[in-house]
Structures are given as C-alpha cells and as structure tokens.
Undergrad: 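Here it is, the structure, as structure tokens.
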There are 2 protein chains.
Amino acid sequence: MSAIIMSGKTLADEMTIQMQEDVNKLKEQGLTPGLVVLLVGEDPASQTYVRNKEKRAKALGFHSLIKRYPSTITEEELLNEVQRYNEDASFHGILVQLPLPKQIDSDKIVNAIDSMKDVDGFHPINMGKLLIGQPDKIPCTPYGIIKMLDRYQVEIEGKRAVVIGRSNIVGKPMAQLLMMRNATVTIAHSRTKDLPELARTADILVVAMGKGHFVTKDFIKPGAAVIDVGMNRDKNGKLIGDVKSDEVAEVAGYLTPVPKGVGPMTITMLLYQTIESAKKFAALSTEKL
Amino acid sequence: MSAIIMSGKTLADEMTIQMQEDVNKLKEQGLTPGLVVLLVGEDPASQTYVRNKEKRAKALGFHSLIKRYPSTITEEELLNEVQRYNEDASFHGILVQLPLPKQIDSDKIVNAIDSMKDVDGFHPINMGKLLIGQPDKIPCTPYGIIKMLDRYQVEIEGKRAVVIGRSNIVGKPMAQLLMMRNATVTIAHSRTKDLPELARTADILVVAMGKGHFVTKDFIKPGAAVIDVGMNRDKNGKLIGDVKSDEVAEVAGYLTPVPKGVGPMTITMLLYQTIESAKKFAALSTEKL
C-alpha cells in the first residue's frame, strides 16, 4: 500500500478560491486587505520567499508592498519603520522577513510589531495566547499543517503525535495546536534518545529538523500521517524534504510531498490571516462609530 | 528499595534563608519588596492560601497587603484596582487570587496586570516568552518543581518526561521548562489512551490531574522521579496527592510527598519572583538617573 499524498498545493488552491471571494466582498465594502513585507539586505532565499508572497498577495488583489532596506540599516531605524507601519491603517499585516543582519536584534523587531498586525504569529503575546489555548494569530506553517490534516480527514483527537524539532516557528506551536485538538503530543529534538523508536509511536509524525532525508521507514508506524516540513538541497541542488519519501510512502498512510506540500500552505495561511486581520480592524472601527 | 523523598518543605526553608539575606540587602538600599494580593469574595480555600502567602511574605519583611473586595465587585471596578496597583511603585508583585466570581472575566483581569509585576507568571506575554524559550516570570508551581529536581540532582537533560495534565498554570509551562532543559517531553491528558503504558516511559513523571491516588505503581518506571502536584481530600477529609504514594514509593527513585512537597515550593517561588521583580524595578530606576 502506498501512502495518500497530501497535496498542499491543491488545498492552497481551494482555499485561495474562498479567500478571493472574501477579498472581493471586503473590497465592495471599501476595504482592501494590506500586507507590507519589510525586507532587509540581499539574501537570495529571502528575495525568493518575499517575491512569492507578493505574487500571491497581488493575485488576490491585496494592497501589497515590499519595503526594501539596505543591510546597513540600524536597529533603531528599522524599529521606526515598524512603528510607521503599525500606525499605517492601510496595512493589516506586517511581516519582517528573517533573518536580519547581525547588528539587529530580531526579537526586538518582532516584539515591536503591533500584535494585531502580526500575521506571522511570532509575537510573544500571540505565542502566549496559543500556549494558554486562546489562539489569535498562529504561526503559519503549523496552522497550515492542521488545515491539511483536516482536509484529508486525518483524525487528531485521542491520537499520539510526535513533533521532531522544537523551533519557535514550527515545532512548539505545532505541538500546542495538536494538543488543543486532543492529541497526546511529544516534542523530540537533537537531545532525544531512541528517536526512531519514539517516532514509531506516532499516529501523526511532523518532521521539522532540517536534515535532508533523515527520516527513513524505520521511523514510521504503519498507516501514520507523516508531515514533512523540511526544505533542503541535496548535493545536486534538488529540493528535498527531511523525509526519505520513496521508502516512507510504502509504510505511511498519508505523506506530504516536498515541494508542493507544506510550503504552499504556509504562504496561504499568511494571506488568510491578513484577510482575517483586515476583517477585525474593520469590525473595531465599526464599533468605534 | 524505597524512593528518596524530595522535601519541598526543606528546600523552601533553604531558599528562604537566602531570600532573607536578599531582602535585608535590598532594605539597606532603601527598597522593600512589595506584594499585593487582590482577594475577591469569601471562598474559604482562597482565604487560606492568601493568609499563608501573607504570613510568609511578612516573615521575610515584605511590604505585604491583602486587598479584599466584596464578591459583588464589577469587572470594571476590579480592572481599575489592578491599574491602581500597576501604578503603585511600592508594589513589585501583584497577584489576583483565583477563582473570581462569575461576573468577572479572569483572563481580562490577568491580562490587565503589568507583565513586569505578574509574579504568578500567568500573563500571556510571560507565557509567550516561556514558549519561545526566553522566560521572564514563570508560573510558580512548575518553577518550584524544576528547583526541586535540581536540588535532588535528578538529571533532566536527555531524559524522557511525561506531564499528566495540561493546565495553563502547571502542565503546559512544566512541559516547556523540562524541554528547555533538553528533556523529551510528552503531555498526557484526559483524552490520552494507554496512560499507564505512556507514563512508564517516563524518567520524570509530573502528575497534575487532580484525581486522588489515581497514579498507582503500574504507572511507574523503576527508578523514575515522580512529582505529585495533586491536592485532594479523601473521604475522611485528609489531604492526599494524585499519586498513591505508599505503593509508588516502592518503585520510584524519587517522590515528592503531599503535603510538604510541591506546595511549599509554589509559595516560595512566588516570593522569590517578587524579590527578583523588586531588583529589576530598582535597576530600571537607576538606569533612568
């Protein structure tokens, strides 16, 4: 039996149709969702990500801006720029593309974003709301993964889940989201012993460790849903995931591909949260009237 | 072999000696740590907790105040009171004793506390800082448990930990703290299947489920460190933990008793964080000079 391939691309396309309707409705009401991306320096990977975000945002009819800054910008200057967009009512989402140059403390910058415009979900207050089970903005990658599990009707309630990787943007929020849905969740990481044995207890295995083809079929419980968050280049420059997909597909029940798996959903959730944010700002300004 | 009993009482006494020295030093510098407890209504358990906190705070020479309000107080009135103590520089810690009467949204009240004075560690921003691995104020019960594990030299790094219970004040922050110390952590809860089997994988087992004597020796890996957060009354009114301590002590390597285990450490960490908060405010006001 070969695993069902969970296409993030297909789900992203489906969601985009609904989101397009939402944007059209908002525009009829005189509201255009606005997303500004602050991009510092010339990192080629960042350039690519940011271009993709802009392309998708513009296709939906967003008010979309990439604001570029030289890599020599000071922390204070960048903080001022964040403040400027916090106050600019035409933007409902602010995203600072990471990584930032060394002279800038990324945490300070992220903390300075108005948490209502924090469509990446990285602000400590949004992380805190997630931890206490009252999520508002949610980090986009794990949020997209939950949407994929739901779309493919993978049961979460009462299941065992193992998340490999404890980053703030994937592993930790992923664990919270799965626990909120009543999974029993273990976070594994670089110091975890007997990792394959632990992974084999998982009905849902999320792999976000950043090591190409690390997870082999020995890690997989037969029938498990396997989510591959990895984006690595092999020695030939080909994009590969953290999961050795050819052999894992023989054992798993569900598997996300790389590319066209988690990636397209991450951008989709970013745009989705920007639309939700625009709706919230609109509701607030109506309340004030 | 019988488990080593981890006395929270003994460690609390040890820490109190050190804290007393700290308070004396601060007072020589003209700074008295101040803790205000806002107590609404006449709940007998709350009265007892609050009295214990006050007794310990006064013994250390704190500026200590219990501010009592009738159970009919409105949300707005209580919010104003929180604001008043946020602005009162003589208090470095503010604690709102929970539960609050039904007409008051506890989350709103907790969120209104200045996060710098949130010595309970329940404010979303403090929870968020904990989740992203940059803890400031930490919920006192899990914080105290880490101190006990350290005092009894229970190794955390690389170990498997299972936390039973996913409350915002114990289970979730406990999991974060253990993970920050490189344990591989699973949170179990009411929907977890095969709980005894899962618990038996734990080198460190933290039980915070609120069911008297629920955890029997079948849950215990030989030699494990077992932390009992439960405070229940049996049919004779006797205080008992979640762990059936007589039989678990035969299998576990370490066990916290009830009473005199986790309880005394929780209050100690509250006072500890109030002293730390006073130091921080003092440092800030020096910076301003």
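Order of the sequence lines fixes the chain letters, A, B, ..., with proteins taken first and strands second; residue numbering starts at 1 for each chain. Bear in mind that the values here come from a model prediction, so they are computed numbers and not experimental data.
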Undergrad: For Tyr49(B), does the OH atom have more than 12 heavy-atom neighbours from other residues, nucleotides or ligands under 6.0 Å away?
TA: no
Undergrad: Can you tell which of Ile169(A), Ile125(A), Leu131(A) has the highest number of heavy-atom pairs within less than 4.5 Å of chain B?
TA: Leu131(A)
Undergrad: Do you know which of Thr201(B), Leu198(B), Val185(B), Val162(B) has the most heavy-atom pairs with chain A at a distance under 4.5 angstrom?
TA: Val185(B)
Undergrad: Rounded to the nearest 0.5 Å, how far apart are CG of Asp203(A) and NZ of Lys193(B)?
TA: 8.0 Å
Undergrad: In terms of heavy-atom proximity below 4.5 Å to chain A, should Asp194(B) be classed as side chain, backbone, both, or neither?
TA: neither
Undergrad: Go through Arg160(A), Lys129(A), His123(A), Gln134(A) and name the one with the most non-hydrogen pairs under 4.5 angstrom from chain B.
TA: Gln134(A)
Undergrad: Could you tell me whether the side chain of His189(B) and the main chain of Ala183(A) form a donor-acceptor pair under 3.5 Å?
TA: yes
Undergrad: Decide if atom NZ of Lys217(A) counts as having more than 12 heavy atoms of other residues, nucleotides or ligands within a radius under 6.0 Å.
TA: no
Undergrad: Where is the tightest heavy-atom contact between Lys172(A) and Ile132(B), given as atom of each residue plus distance?
TA: NZ-C, 3.6 Å
Undergrad: Do the non-hydrogen side-chain atoms of Thr186(B) and Thr184(A) ever get within less than 4.5 Å of each other?
TA: yes
Undergrad: Take atom CZ in Arg151(B); do more than 12 heavy atoms of anything else shown fall under 6.0 Å from it?
TA: no
Undergrad: Verify the neighbour count for atom CD of Glu76(A): are there more than 12 heavy atoms of other residues, nucleotides or ligands below 6.0 Å?
TA: no
Undergrad: Of the options Glu157(A), Met179(A), Arg181(A), which is the one that meets Arg191(B) in a side chain to side chain contact (heavy atoms under 4.5 Å, CB included)?
TA: Glu157(A)
Undergrad: Non-hydrogen atoms of chain B under 4.5 Å away: do they reach the side chain of Asn126(A), the backbone, both or neither?
TA: neither
